[in-house]
Amino acid sequence: MLLELNIKDFAIIDTLHLHLHRLFNVFTGETGAGKSIIIDAMSALLGGKIGVEVVRSGADRATVEGIFSIEALPPISDEWKPFEATLHMDGNGTGTLFSASTGVDAEQTVTNPADADSADARVALATLLHTYDITPEDGHLILSRDIFASGRTVGRINGRTVTQQVLQQVASWLVDIHGQSEHMSLLRPEQHVNFLDRYAELLPLREQLSIKVTEWRTAQKNLHSMQENERELARRAEFLRYEIEEIEKAELQPGEIAELEEEATVLNSAERLRELCTLVYESIKGGDTGDDFQSALGLLRPALKALNELSRLDKNLEEHETNLSEALFRLEDVAASISSYESDIEDDPQRLAEVEERLDLIARLKRKYGLTTIEEILQRAADDQAELETIIHRDELIESLQRQDGLLRQEIGHIAQGISERRREAALALSKAMEEQLNDLNMQRARFIVEIEQIPDPNGVPASINGQPEQFYMCDVTGIDRVQFLIAPNPGEPFKPLTKIASGGETSRLMLALKTILAAADATPTLIFDEIDAGISGRSSQIVGEKLWQLTRNHQVICVTHLPQIAAFADTHYNVNKQVYDERTITQVIELRPEQRVREIAYIIGGNATDFSMKSAEEMLARSYLWKESWTKQRMSR
């Protein structure tokens, strides 16, 4: 869920730092105060399109940062009880609501264990983060985005720069914005099948199907590759044979480059090697004249003779005599070895030419194949040989792959048909539930259906739909069905896709109805509703408030509203207002205390905090509290 939101130099927001809470967060304020700007900033944070016009005048950039907890949502607790309300009954049976400005502690806990879908979502998010090498810090993700006045934008996750696409992908698992936003997953037709399958509890079967379809696609790819043009395959085989022959003819040996280069160095340095050997030999044994007085051995022999006499006189010096004697023997060995080595040195232009030619051959092969080592060239030959064997034996492989293709089609068709049957059953139940929800939301005569279609495809999988003879249908990892939600908002109108609904108020209420039904299935932890109250009032607004609060059982909910009935259900209430400082307009957001909430809701009710509006506000808050308490107890008793 979203823990903190930081906005700087965004439109009329100078600096804003918000702490958001677990349950129902509500923003209210005058029109134009900046509520929608906060939602726009959140949209920008989630990777949405944004223009340079949002950069505050005089600033070089606008910055939005959000800190998200990606751990399981905690259970509902006393946090939602900012108001304590009691019902007093008089002797005539008349009840009076009474509320206090401060909450009273009470035992009130509802467990909210993470369901399987939420667990799957956490695994999917973890996989996505691992793919992009993003590591959460203490169970938190920090998303940020800079919008520069030049038009450039930079997104980051935990300090690491990411593309807009990556920011969108990660954010889609964290937040869903409904209303004036592009983050409407329920308006994307390709997502409808996923919501229906969660509602129908089909995800385990879907996983089985996905594994089989992936296996089938691999088999098809291999089969199509085998069935390429014969002439092209023959040309490819000839090319592979040429490469294999060229590499085998070179008789390359791993590690031979280093050996050849060392030998070339020796052959190129024969004269210098002889000079050095002579210097070493003469330094140890003396020159050709036989006068070794100035040689190492000539100088050390008198020393050894003197040590002989010393050790006879003092036995403690015998070890030194032994060491010097061994040193003389070692010098003799070195001189002999160097002499032998020098006698073997000879100029061999022919061998040098052979070595250089060999090195040139290896270098040409490396350049030709774009490789850097002999081992890689040898692997290239092995890969070529494997591909050549495949081409040579392609007829047998084609026959085997064709058998595999047929078996997989039958197996996939059987699974997909079973999924399709369960989807049709669930679609009827979902349509009925949606119409009931829309009726509560002042869309009494709206109709909703789940359209399920199949696309015939001779290259697809076999299935029997609605008892019809078996046909072949297009199939992907979701199955053979193309699912889309359709609605007819008003009597006499045809059913239309959700994306064709023009009314913002109808769209918002439709989203709320779907979210209410699919709350357990929707794994997005934070839901944002921007002016969900558009076009509704009275009793409908009370029900909207109830449904929004019900969503907090599985989600953190953030809502911008103009209706007091919805604001009264808030667990955390923020006031958004504009102020002028130094002739500049800035937006401020204040988290309201309980007594401030009464006055804010009174303003929303009547425009002024009169005695009447204050009393109405207090009673509205008390009613909301009692409703939440009653609903929670009912949930606990089930």
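Values reported hereafter were calculated over all heavy atoms of this structure, with side chains retained and with hydrogens, waters and symmetry mates removed.
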When rounded to the nearest 0.5 angstrom, what is the spacing between [atom1] in [X] and [atom2] in [Y]?
X: Leu202; Y: Glu207; atom1: CG; atom2: CD; answer: 13.0 Å
X: Ile211; Y: Ile415; atom1: CD1; atom2: CD1; answer: 9.5 Å
X: Glu618; Y: Glu595; atom1: CD; atom2: CD; answer: 11.5 Å

Using a 6.0 Å cut-off, check whether atom CD of Glu30 has over 12 heavy atoms from anything other than its own residue. no

Has Glu201 got more than 12 heavy atoms of other residues, nucleotides or ligands less than 6.0 Å from its CD?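 Incorrect, the count does not exceed 12.
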
Tell me, do [X] and [Y] make a side-chain contact under 4.5 Å, heavy atoms counted?
X: Phe529; Y: Leu551; value: yes
X: Thr478; Y: Arg206; value: yes
X: Glu65; Y: Ile142; value: yes

Counting distance only, does the side-chain N/O of [X] pair as donor-acceptor with the main-chain N or O of [Y] below 3.5 Å?
X: Arg145; Y: Gly48; value: yes
X: Gln484; Y: Pro189; value: no
X: Thr214; Y: Ser210; value: yes
X: Lys35; Y: Gly29; value: yes
X: Arg447; Y: Asn490; value: no
X: Glu629; Y: Leu626; value: no
X: Gln454; Y: Ile480; value: no
X: Ser43; Y: Ile39; value: no
X: Gln579; Y: Gln588; value: no
X: Asn439; Y: Glu435; value: no

Under 3.5 Å, is there a donor-acceptor pair linking the side chains of His573 and Thr28?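 A donor-acceptor contact under 3.5 Å links the two side chains.
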
Do we get Arg56 above Phe10's six-membered ring, with its NZ or CZ under 6.0 Å from the centre and within 45° of the axis?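 Not flagged: Arg56 not positioned over aromatic ring of Phe10.
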
What verdict does the side chain to side chain contact (heavy atoms under 4.5 Å, CB included) test give for Thr526 and His555, after you've listed the backbone C-alpha separation in whole Å, the side-chain angles of each residue and the deciding distance to 0.1 Å? CA-CA 6 Å; Thr526 298; His555 307 273; over 6 Å; no

Salt bridge between [X] and [Y], side-chain N to carboxylate O under 4.0 Å?
X: Arg160; Y: Asp133; value: yes
X: Asp571; Y: Lys628; value: yes
X: Arg61; Y: Asp9; value: no
X: Asp440; Y: Lys547; value: yes
X: Arg424; Y: Asp481; value: no

Do the ring planes of Phe569 and Trp627 sit parallel (below 30°), tilted (30 to 60°) or perpendicular (above 60°)?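 Plane angle over 60°, so perpendicular.
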
